Amino acid sequence: MPNPYNPQEIEPKWQARWEANGLYRSVIDHSKPKFYALTMLPYPSGDIHIGHWYAMAPSDVRARFKRMQGYNVLFPMGFDAFGLPAENAAIQRGIHPKTWTLANIKREQQQLRSMGMMIDWEREAISCLPGYYRWTEWFFLKLYEMGLAYRKKAPVDYCPNCKTTLAREQVIGEDHICERCGTPVFKKDLEQWFWRITNYADELLDFSKIDWPDKIRLAQTNWIQRSEGAEVTFGISDEKLVMSNQKLVIRNEKTVIEEQEPIPPHQSPTTDYSLPITDYSITVFTTRPDTLWGATFMVLSPEHPLVERITKPEYREAVQAYKMQAARQSEIERMSTEKEKTGVFTGAYAINPVNDARIPIWIADYVLITYGTGAIMAVPAHDDRDFAFAVKFGLPIIPVINRVDGLAKSFVMGGTTKSGLLDALTEAGIDFIRESGATFVRLNVEQVDRYAGIVQGHLEPGCWTEIVGARWLFVFEDAIIPFDSIEAEEKIMTRCKALNPEVAKYRTVMEMLWSLPFYRDTLFHAEYGTMINSGPFSGTPGDVAKQRVTEWLAERGRGKATVNYRLRDWLISRQRYWGAPIPIVYCDKCGVVPVPYEDLPVLLPDDVDFMPTGESPLKYHEGFLHTTCPKCGGPATRETDTMDTFVCSSWYQYAYLSPYYREGEPAHSDSIPWDTEEAKYWLPVDTYTGGAEHAVMHLLYTRFFTKALRDAGIVNFDEPMLQLRNQGTILGEPRCGDCVEVTGTWEGAAFRAEGITVYSFKDQATWPPAERGATLVRGEVMDRDDVSLKVQTSEAGELTVVLIDEDMPVAIPGKEKGGTAKDILYHLDVEKMSKSKKNVVAPDELVAQYGADTVRAYLMFGWRWEQGGPWDSQGIEGVVRWVNRVWNIVTEPATPTAGETVSGRELLRAMHFAIKSITEDLENFGFNTVIARLMEYTNTLSKAKSAHYGSPLWDEAISNLLLLVAPVAPHIAEELWAFLGKPYSIHQQAWPAWDPAMLVEDEIEIPVQINGKMRGRVTVPADAGEDAIKAAALADANVQRHLEGQQVLKVIVPNKKLVSIVAKGK
RNA sequence: GGGGCGGUGGCGAAAUGGCAGACGCACCGGUCUUAAAAACCGAGGGACUUACGUCCGUGUGGGUUCGAAUCCCACCCGCCCUACCA
């Protein structure tokens, strides 16, 4: 009698043996092709959760598969070990971050081992160890040497909770909250270190060398957001504004560095930008130079350096107040989603370079100092933001681009026209709607002139109407005035005000038109179209307008074509202790001095006192802070900021090659931070797997890093990871809440609890019925917060609010020590797993119960890997049964069964089909169908067992089963392989091959369709010709029945897969 | 507001121009058992039919095709990302 399957026994046994044999050591072997399979490294928070398993297990399966296919596979693991949670633990619990982190790592290593992954632990890399982070520091020096690292004072995002600055990528959403803790960030002016990722903006937009998901490529493309447009310089009207004639730099630093260290030719232009500005000009960036004639005002960002200089004395107070408010606003939580435009006039005017119009200069917070030049030309007729601003503040709006759809509208108020208008319109074929006396007219552009004539002829004395959209005309009794310029606007408004005193409340034509809802969707558009009202450029077609205007500006020195990016340089400074030190010292004499390569690492001191405020203890550590200047030997202080942890993870794929390379030996400028032999063999990464949430952070940073390393001559390729695949997220399992029976009293509409009895959500069948009485309330808990439960007290879904005392003791079934009201579970639809919701799946418990092999297989089987979905605790049973069936098929002798048998031929076919489909699906990350095909094959083997047990064919069939199972369930496969007496280890065997000839069936069943409907099936020999198939199909009884009284027009046999008959009644 | 992904039995899902629902979960029936569990076998999209079969069915409506879950157009719903980027 063979042993029953006992994963708790065999799994640790084989894990120990594999480890002892070094089965998963990856060493260079030039006789084999290499395969570098990488999966994102965890942050050591203390627990490997089910999400890690979901990400890693299928990646491990695929790495094992590649190995059996004959590749020399590198599948390493490490820990992203610097970061805030460790430091917070230090502050809250008095544990040193290093102690906390290393203890977590130890525990997680055990958990990872229990998964049976083929990790080469000798290549483990932990980013918080000096052997690792000295190279992180080395890269800083290298980038500094290359001019890619620079320090500047800038308004940067600061998280008050994490007490540190953040990179732009780490601030999320409309509310600008911290990526880690969700606290709203605010802008702080600080001296910070930046890495010039923007130098690579264009190259980062090129994905031609990598096979990455569209989703990630799109996210990066949108993040970088390249915009082609022009810089246009506007003069400032009539004032002596600037005290000196020095070059005015809009966004400082950049020019200085450019002059000192010219950018190497392969590097792309940057978003940092400066122009020599005369005393009397402002430069803007626009993507729409073709709309210049419609620029009726300018807006500067409140932080723009010119604001101080141009503001007229009488506006100074208002401008200052607005600047203060704008600065403070980012500190206040942005509660309202309402985004009413705000701004103030500076009193100054600019000169539009195309028509010398004098246009007002405003400041407004909708213009961002961080994008473009921090100043815009406002073209309200063709930009929704400018339009909203102009309407609000009564600024003129002049259309300068024709509508492409040719739509025009006209509103005729009741009583403004004589009778007969409607008949005339009908006769002219013009569309209109009558409603409560008014006429709403829709026209196409060709009808406009005709309509204008008709309506003018019908106007009552002292009345007018207008046409908007494709054409802009004001129709008065005595004149038709085109609305085409600021002058026309004045003329029109004067007339209208004279005719109707009501109009006096409107400052501009557009404001007046905006008051009519009928017009609103026609007043502005942002499409390209033929230029109008643009002086000599009127009539220029939309497809060339932008280019022609740009050329014209360039010829006159008033602008030039420019590319702008949204991407910012990467802010890497963090005001925290637990990170890699920035190897820079500040000397009174020599200024900013890099630590010499030879002196690395700058070690993080262990003996530090953590401030309850979270302030970095490095600032107060005398031994760390004070040092000598490497240049002059004088006193100097160290940089106390550390690097963003994303710096550490930008190069970890290289750290695995030779972890802690040459620790103890001095490094040099020309060192290579890893073993070049290893690098030459293994790099780049062939397949990278992990979550998509890092699309514009880690995944962008690491590409940048590799390109910088390439330019430093350290690597010789452009992209770090050739293929990327993202897994989805496993969400919490939907479940009911507990049922509670509450005694107490009513307090108004709410019920005050005095005693609570809990019926577990697991025993729904035994719940007493819901009830709402004078002293008793009973039902399922639908929601819970600190002070109340929402209890469903009727079938219909009626909810009763039960007030509870947070610490009220409550007996919870299955909870020995007794809990509090907080432990009551509430109803949960699909949500992310979180400890507070008590819907977290603990993988260790699953492994203890089912074994790692089963958990691995279930994680592959249950979901589309790239999609994920809610956890289902029942679904795993199917996999449990399958794994047991595999065990029994191999270990139990055959018993004669009555059921159907399988011929040798069929068994062979099933085997080759399984090999083929599993091979293909593993290659393509189709993990769920891999398990499905394994189950199918196992089912076939069950049926075939009694007939074939003991035969060579049977041996081949089950050997192949185990080989196919090996990557998925490595322990059981190894155990059964040994049971069969085959040589150790199954994981060193070759992946089975399939023979296409074996897949061919003797007979094939072909469906027959008549007019697209299934009408029968015929069985023919596999080698039957088309004519034979047609004949068989037409001979089928059911087919004949359906063809009765029909004429067969056509018979199609595509690929011998199907017969399609086209017939019709005679 | 912009962009992306998706919508197929009670549930997770297969099928990417050719027999819709493979493989599982749950449910139901059977074998075994004193009984239950486990295990094994079996039915099952809906409607009509004793059955053979027929009609309807992949969010909705249209189209292309001998043939559409799959391709095209319009719409509805859900989820995710992004957000005043000039």
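What you see is a predicted model, and the numbers here were worked out from it, not measured in a lab. Heavy atoms only: backbone and side chains are in, while hydrogens, waters and symmetry mates are out. Chain letters run A, B, ... following the sequence lines, proteins first and then strands; every chain starts at 1.
If you take atom C1' in B:rU65 and the same atom in B:rC72, they sit 12 Å apart, rounded to whole Å. Distance check on atom P: B:rU70 versus B:rA83 gives 35 Å, rounded to whole Å. Comparing B:rA26 with B:rG12, their C1' atoms are spaced 11 Å from each other, to the whole Å. Rounded to whole Å, the C1' atom of B:rG21 lies 28 Å from the corresponding atom of B:rC73. Distance noted for atom P between B:rG29 and B:rA38: 14 Å (whole Å). When the P atom is used for both B:rU58 and B:rG7, the distance is 13 Å, rounded to whole Å. Taking atom C1' in both B:rA35 and B:rC23, the straight-line distance is 33 Å, to the nearest Å. Comparing B:rA22 with B:rU16, their C1' atoms sit 16 Å apart, to the nearest whole Å.
In the set B:rG18, B:rA26, B:rA86, the nucleotide with an atom closest to the side chain of A:Ile376 is B:rA86. Here the side chain of A:Asp365 is nearest to one of B:rC84, B:rC66, B:rA86, namely B:rC84.
For the pair A:Gln1047 CD and B:rC66 C1', the interatomic distance rounds to 15 Å; values are reported in whole Å. The distance between atom CG of A:Asp386 and atom P of B:rA86, rounded to the nearest whole Å, is 12 Å. One atom, CH2 of A:Trp863, and another, C1' of B:rC23, lie 15 Å apart when rounded to the nearest Å. Put simply, CG on A:Asp921 is 12 Å from C1' on B:rA22, counting in whole angstrom units.
Backbone-only contact: A:Leu218 has heavy atoms under 4.0 Å from sugar-phosphate atoms and none from a base. Within 4.0 Å (heavy atoms only), A:Gln1009 reaches at least one base atom of the nucleic acid. At a threshold of 4.0 angstrom between heavy atoms, the contacts of A:Asp383 with the nucleic acid are absent. If you check every strand for non-hydrogen atoms under 4.0 Å, A:Val1008 touches nothing. Residue contacts shown for A:Trp882 are absent, as no nucleic acid heavy atom lies under 4.0 Å away.
Glycosidic torsion of B:rG9 falls within 90° of 0, placing the base in syn.
In this entry B:rC52 has no Watson-Crick or G-U wobble partner, no candidate having both defining distances under 3.5 Å. The nucleotide B:rG1 finds its pairing partner in B:rU82, both defining distances of the Watson-Crick or G-U wobble pair being shorter than 3.5 Å. Remark: B:rG67 base-pairs with no nucleotide in the shown strands. Criterion, Watson-Crick or G-U wobble with two distances under 3.5 Å. As the counterpart of B:rC75, B:rG59 is assigned, both hydrogen-bonding distances of the Watson-Crick or G-U wobble pattern falling under 3.5 Å.
The side chain of A:Arg1041 places no N or O atom within less than 4.0 Å of a non-bridging phosphate oxygen (OP1 or OP2) of B:rC52. Checking the phosphate oxygens (OP1, OP2) of B:rG24, a side-chain nitrogen or oxygen of A:Arg885 falls inside 4.0 Å. Within the 4.0 Å cut-off from OP1 or OP2 of B:rA14, at least one side-chain nitrogen or oxygen of A:Arg864 is found. Between A:Lys1013 and B:rC56 there is a side-chain N or O to OP1 or OP2 distance below 4.0 Å. Between A:Asn564 and B:rA86, a side-chain N or O to OP1/OP2 separation shorter than 4.0 Å is absent. OP1 or OP2 of B:rA22 has not a single side-chain nitrogen or oxygen of A:Asn939 nearer than 4.0 Å. Taking only side-chain nitrogens and oxygens, A:Arg933 never comes nearer than 4.0 Å to OP1 or OP2 of B:rA15. Contact between the side-chain N/O atoms of A:Asn1038 and the OP1/OP2 oxygens of B:rU54 is found at a separation under 4.0 Å. Dashed line: the shortest gap from a side-chain N or O of A:Ser227 to OP1 or OP2 of B:rA86 is under 4.0 Å. The phosphate of B:rA86 (OP1 or OP2) has no side-chain N or O of A:His382 nearer than 4.0 angstrom. Proximity of A:Arg1015 to the phosphate of B:rU54: a side-chain N or O atom is located under 4.0 Å from OP1 or OP2. A close approach under 4.0 Å does occur between a side-chain nitrogen or oxygen of A:Arg881 and OP1 or OP2 of B:rA39.
Annotation: side-chain hydrogen bond (donor to acceptor under 3.5 Å, both in side chains) contacts of A:Tyr366 (sequence neighbours excluded): A:Asp386. Residues passing the side-chain hydrogen bond (donor to acceptor under 3.5 Å, both in side chains) test with A:Trp223, sequence neighbours excluded: A:Glu169.
Looking at A:Glu906 and A:Arg909, no side-chain N of the basic residue comes within less than 4.0 Å of a carboxylate O on the acidic one, giving no salt bridge.
Not less than 6.0 angstrom separates the ring centroid of A:Tyr858 from the ring centroid of A:Trp882. You'll find the ring centres of A:Phe297 and A:Trp362 outside the 6.0 Å limit.
Nearer the 5' end of RNA chain B, as judged by each residue's closest nucleotide, is the contact made by A:Asn928, out of A:Pro1007 and A:Asn928. Both A:Asp872 and A:Met377 lie close to RNA chain B; mapped to their nearest nucleotides by heavy-atom distance, the more 5′-ward contact belongs to A:Asp872.
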- [ ] Begin with the C-alpha distance, continue with both residues' side-chain angles, and end with the deciding distance and a verdict on side-chain hydrogen bond (donor to acceptor under 3.5 Å, both in side chains) for A:Asn888 and A:Tyr5.
- [x] CA-CA 8 Å; A:Asn888 294 336; A:Tyr5 173 53; over 6 Å; no
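For A:Lys215 against B:rC80, no side-chain N or O and base N or O form a donor-acceptor pair under 3.5 Å.
Counting non-hydrogen atoms of other residues, nucleotides and ligands closer than 6.0 Å to NZ of A:Lys392 gives a total above 12.
Between A:Phe393 and A:Phe389, the ring-plane angle classifies as tilted under the 30° and 60° cut-offs.
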